[in-house]
Structures are given as structure tokens and as C-alpha cells.
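Data block below; observations after.
Just so you know, these numbers come straight off a predicted model, no measurement behind them.
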Amino acid sequence: DYVIRMLVDIVSKGGNLLLNVGPSPEGTIGPHETKALEETGRWLEKYGEAIYGTTASPFRYLPFHGRCTVKGNTLYAIVFTWPKDRQIVLPGLKNAIRGVRLLGDADANLSAMKSADLSFASPVTRWDVEVKLPNKAPDDIASVVAIDLDSAPAIEGFVACPQPRFDGTINLPIIFGDLRGRHGQQIRVESADGEVHAGNWTNKHDYITWELTSF
């Protein structure tokens with residue numbers, strides 16, 4: 001899961017992944033590396049449409065645990081943690097929706113609709129796209145929702161910075177934070193029972209930053 005999600009993360013930022021393995025003196029690849037390569041290959045056979053030939057995500061942050069890639073007029077939402085409310089939100093997506101698909105499950109029942117965000121955190125009305133998902137994720141590591149649009153994805157009006165609540169408190173969601181550390185960084189975004197958190201935080205030099213704003 002770590003290799004597949006690392007691949008998705010890098011591609012969503014417009015990069016390419018060079019994955020190194022260390023062969024034995026006899027030139028063989030060990031079972032751990034072999035398993036990672038084979039399982040990543042099987043995932044790509046099923047979901048490679050969302051990886052090969054794509055460009056970077058138009059979003060800096062997403063309000064769900066996952067990443068996005070783009071190919072032409074199709075936006076791919078690659079979901080790591082299936083949300084408890086069976087919904088993902090694509091904030092500020094201006095395009096008209098032509099269709100929504102769940103890769104690997106042609107019979108899945110999905111729907112997408114535009115909704116207005118009138119929350120305190122937004123200084124202006126912003127139209128989001130809400131995608132209703134099936135009850136169960138088709139893939140435990142990363143499931144892919146393809147949103148077919150009328151044109152290349154266009155985003156506006158999304159403020160991902162945490163906002164002060166009316167009582168003055170501030171909630172700092174891990175999905176809106178930037179994980180930082182020196183070489184050998186250990187901290188990463190993980191999930192358990194549908195809850196997303198910072199995990200593997202064993203290096204004392206690792207930390208998280210958030211950008212804050214107020215209106």
C-alpha cells in the first residue's frame with residue numbers, strides 16, 4: 001500500500017516515480033521487493049487509466065484522504081480511505097459533469113451533483129461537486145472514481161486554510177497540513193477505521209505545518 005500510494009501522490013503532483021530495488025549478489029530480487037512490484041503492477045493493470053498519461057491535480061488540498069489526476073476532460077479522484085458518509089467533495093470545480101464512473105466496477109451506482117458552499121469559512125458562494133459513492137470500496141489501498149467533465153478541470157474559490165470557529169478555536173485537519181522533515185522523514189498520513197491521522201511519527205525532527213487565515 002505504501003508504494004502504490006506513493007506512486008499516486010507523486011503522479012498527482014506532476015512527477016514520475018523511479019522505484020529502486022537492491023538485488024542480491026546473484027542478481028535476484030528479494031521476496032519483499034518482488035511482492036511490492038507485483039502488487040503495484042496488478043493495481044496498475046486495473047487502475048492505470050488514472051496514472052499513465054495524466055497530469056497534475058488542479059487541487060493543492062482535498063477534503064478527503066486521496067489525490068487527483070487529470071487526463072483531458074476527465075478528473076480522477078483516487079481515494080485512499082473510503083469515507084464513512086460515502087461521499088467525496090471536489091471543492092470549487094466549475095465544470096459541468098458528463099458522467100461519473102468507478103474504475104474496476106462498471107455496475108457501481110454513483111451520482112454527482114453541484115452544491116453551494118455557504119459556510120462561514122468561505123467569503124463567497126462556491127459551487128462544489130459532491131460524488132455519492134457505493135457502500136464499499138472496490139480496493140482496500142486506492143479506489144478510483146473517474147469524473148468526466150465538459151472541458152478540462154477548472155477550479156475556483158477554494159480556501160483550504162483552517163478557519164477560526166465562532167468560539168475562537170481552530171481545528172487542524174491532517175489532510176490540510178503539510179508534513180515536513182529532514183532526510184529520512186517517517187511521518188505520513190495514515191487511516192484507521194475511516195479516521196485519517198498522522199502516523200509513523202517516530203522521527204523527532206518531523207513536523208506538520210498549516211496555513212491559517214481569517215476574514
Note to self: Counting only heavy atoms from other residues, nucleotides and ligands, does the tally under 6.0 Å from NZ of K35 exceed 12?
What the structure shows: no
Notebook entry, point to check: Which residue pairs pass the side chain to side chain donor-acceptor pair (under 3.5 Å) test with at least one member in residues 11-22, sequence neighbours excluded?
Noted result: D9-K13
Notebook entry, point to check: Quick one: side-chain hydrogen bond (donor to acceptor under 3.5 Å, both in side chains) partners of T74, sequence neighbours excluded?
Noted result: D148
Check: In Å, rounded to the nearest 0.5 Å, how long is the span from OH of Y61 to CD1 of I175?
Finding: 11.0 Å
Next item on the list: Show the numbers, then the answer: is there a side-chain contact (heavy atoms from CB on, under 4.5 Å) between L93 and D128?
Entry: CA-CA 6 Å; L93 183 60; D128 296 340; over 6 Å; no
Item checked: Pairs meeting criterion ring pair (Phe, Tyr, Trp, His ring centres under 6.0 Å) with involvement of residues 10-31, two or more places apart -> none
Check: So, for A77 and C68, which heavy atoms are closest and what is the spacing to 0.1 Å?
Finding: CA-SG, 4.0 Å
Item checked: Inter-residue atom distance I88.CD1 - T81.OG1, 0.5 Å rounding -> 12.5 Å
Note to self: Can you give me the closest heavy-atom contact between D206 and R182, atom names plus distance?
What the structure shows: OD1-N, 4.2 Å
Margin query: Determine whether T54 and V70 satisfy the following criterion, side-chain contact (heavy atoms from CB on, under 4.5 Å), listing intermediate values before the conclusion.
Written below: CA-CA 5 Å; T54 60; V70 176; 5.9 Å; no
Next item on the list: Looking only at non-hydrogen atoms, find the nearest pair between S115 and E130 and report the distance.
Entry: OG-OE2, 2.9 Å
Margin query: Considering only residues two or more places apart or on different chains, which pairs with a residue in residues 103-113 satisfy side chain to side chain donor-acceptor pair (under 3.5 Å)?
Written below: none
Note to self: With clusters defined by side-chain heavy atoms of hydrophobic residues (ILVMFWY) lying less than 4.5 Å apart, directly or transitively, does F64 cluster with M113?
What the structure shows: no
Note to self: If only side-chain N and O atoms count, and only distance matters, is there a donor-acceptor pair under 3.5 Å linking S24 with E26?
What the structure shows: yes
Notebook entry, point to check: Is any side-chain heavy atom of R101 closer than 4.5 Å to a side-chain heavy atom of V145?
Noted result: no
Check: According to the salt bridge (charged side-chain N to carboxylate O under 4.0 Å, His left out) rule, which pairs have a member within residues 76-89, sequence neighbours left out?
Finding: K84-E195
Check: Quick one: CZ on F176 to CZ on R60, what's the gap to the nearest 0.5 Å?
Finding: 11.5 Å
Note to self: Quick test of your reading: applying salt bridge (charged side-chain N to carboxylate O under 4.0 Å, His left out), list the pairs with at least one residue in residues 131-144, sequence neighbours left out, ordered by first then second residue.
What the structure shows: none
Checklist line | Any side-chain donor near an acceptor of the partner, R67 and S57, under 3.5 Å | finding: no
Check: If you link I, L, V, M, F, W and Y whenever their side-chain heavy atoms are under 4.5 Å apart, who else ends up in the same group as L103?
Finding: Y2, V3, I4, M6, L7, V8, I10, V11, L17, L19, V21, I29, L37, W43, L44, Y47, I51, Y52, Y76, I78, F80, I141, V144
Note to self: Checking R188 now: which residues fulfil salt bridge (charged side-chain N to carboxylate O under 4.0 Å, His left out) with it, not counting sequence neighbours?
What the structure shows: E190
Check: When rounded to the nearest 0.5 angstrom, what distance separates CG in N95 from CG in N73?
Finding: 8.0 Å
Item checked: Closest heavy-atom pair and its distance - I97, A112 -> CG2-CB, 4.2 Å
Checklist line | Between CG on residue L110 and CG on residue L133, distance to nearest 0.5 Å | finding: 6.0 Å
Checklist line | Residue pair L75 / P58, side-chain heavy-atom distance below 4.5 Å | finding: yes
Margin query: Count I, L, V, M, F, W, Y as connected when their side-chain heavy atoms are under 4.5 Å apart, and connections chain through other members. Are V196 and Y207 then in the same cluster?
Written below: no
Notebook entry, point to check: Considering residues at least two apart in sequence or located in another chain, which fulfil the side-chain contact (heavy atoms from CB on, under 4.5 Å) criterion with E38?
Noted result: T34, R42
Notebook entry, point to check: For residues 68-82, which residue pairs qualify under salt bridge (charged side-chain N to carboxylate O under 4.0 Å, His left out), counting only residues two or more places apart or in two chains?
Noted result: none
Check: With sequence neighbours excluded, what pairs up with R98 under the salt bridge (charged side-chain N to carboxylate O under 4.0 Å, His left out) test?
Finding: none
Check: With sequence neighbours excluded, what pairs up with A198 under the side-chain contact (heavy atoms from CB on, under 4.5 Å) test?
Finding: I174, I187, W201, I208
Next item on the list: Report yes or no: does W82 contribute a side-chain atom to a donor-acceptor pair with the main-chain N or O of P138 at less than 3.5 Å?
Entry: no
Checklist line | Donor-acceptor contact present, side-chain N200 to main-chain Q186, <3.5 Å | finding: yes
